[in-house]
Amino acid sequence: DSATWSPADTTVRVTIGATDAATATVAYTLVTGRLAVLLTGLPNGTPGRATVSGPNQFSVILTESDTLGNLVPGPYQITAANVTQGSDVYAPNSIRATVNVAAAISPSSVELTFALISGTISVSVVGLPPAVPASVRLSGPSGVLHTITASRAVSGLFGGFYTITADTVSSNGSVWAPLPGSQYLTLATGSSGAATVNYSLVNPAAGANL
């Protein structure tokens, strides 16, 4: 059951006379409450994470929206954590919320809305033969460092200042130089950015047909 009623008096005494009828009334009072926790904003099929704790050491972990019943009235804390789906990171609008649950059939409610906080930088590499790997580094906040050898998108990046550094590459005696050698990009939270590294042949190998 999702609710509990308790009698106001557990014992009712009735005095019955020899010829009298008596009536006993037992009054019940609702003594529990309900709490609806809504987890929104995540892609379909992606489990969330919220911990609900309250009186009498109550604690439960939710991965999806749910309504909790038979709760002792009082304050309940809802603590949420970031959710990672693949390389994407979603954060709740509130890390910790408190809801006072009253003895009632209608639930108190709290909504945790998750939003994408990681972004993507697409790095395009042009000008190199297919078999020649590029030498590009993408660096950013908190020591982020990715090595890029061909065009690709790097996701799971948090907002901040990023540097794309390209080095000269050589293969079978031929040398390609990047332009530009360094470029910079500011990534907004939950957004996307792009950069292009153009390689030019600056020293072909003797007899090479490039």
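Position 1 is the first residue of the sequence, and the numbers go up from there. Remember, predicted model here, so these are calculated numbers, not experimental data.
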Discussion item. Ignoring hydrogens, what is the shortest heavy-atom contact between Arg34 and Leu71? Give both atom names and the distance.
Written reply: C-CD1, 4.2 Å
Worksheet entry | Linked, directly or transitively: Ile78 and Val60 (ILVMFWY side chains, under 4.5 Å) | yes
Discussion item. Testing the basics here: between Ser170 and Val175, what is the closest heavy-atom pair and its distance to 0.1 Å?
Written reply: CB-CG2, 4.0 Å
Worksheet item: Out of Leu38, Val37, Thr98, which residue meets the side-chain contact (heavy atoms from CB on, under 4.5 Å) rule with Val110?
Response: Val37
Item to complete: May I ask you to check whether over 12 heavy atoms, not counting those of Ile105, lie within 6.0 Å of atom CD1?
Response: yes
Worksheet item: Above 12 or not: heavy atoms from other molecules or residues under 6.0 Å from CZ of Arg152?
Response: yes
Response to the item:
Thr63 meets the side chain to side chain contact (heavy atoms under 4.5 Å, CB included) criterion, sequence neighbours left out, with Pro47
Response to the item:
On a heavy-atom basis, the closest approach of Trp176 and Thr168 is O-CG2, 3.1 Å
Worksheet item: Do Ser124 and Ser151 get their side chains close enough for a donor-acceptor pair, meaning under 3.5 Å?
Response: no
Worksheet entry | Verify same cluster id: Ile164, Val144 (apolar side-chain graph, 4.5 Å) | yes
Discussion item. If you count heavy atoms of other groups shown closer than 6.0 angstrom to CD of Glu64, is the number above 12?
Written reply: no
Worksheet item: For Pro55 and Pro75, which heavy atoms make the closest approach, and how far apart are they?
Response: CD-O, 3.5 Å
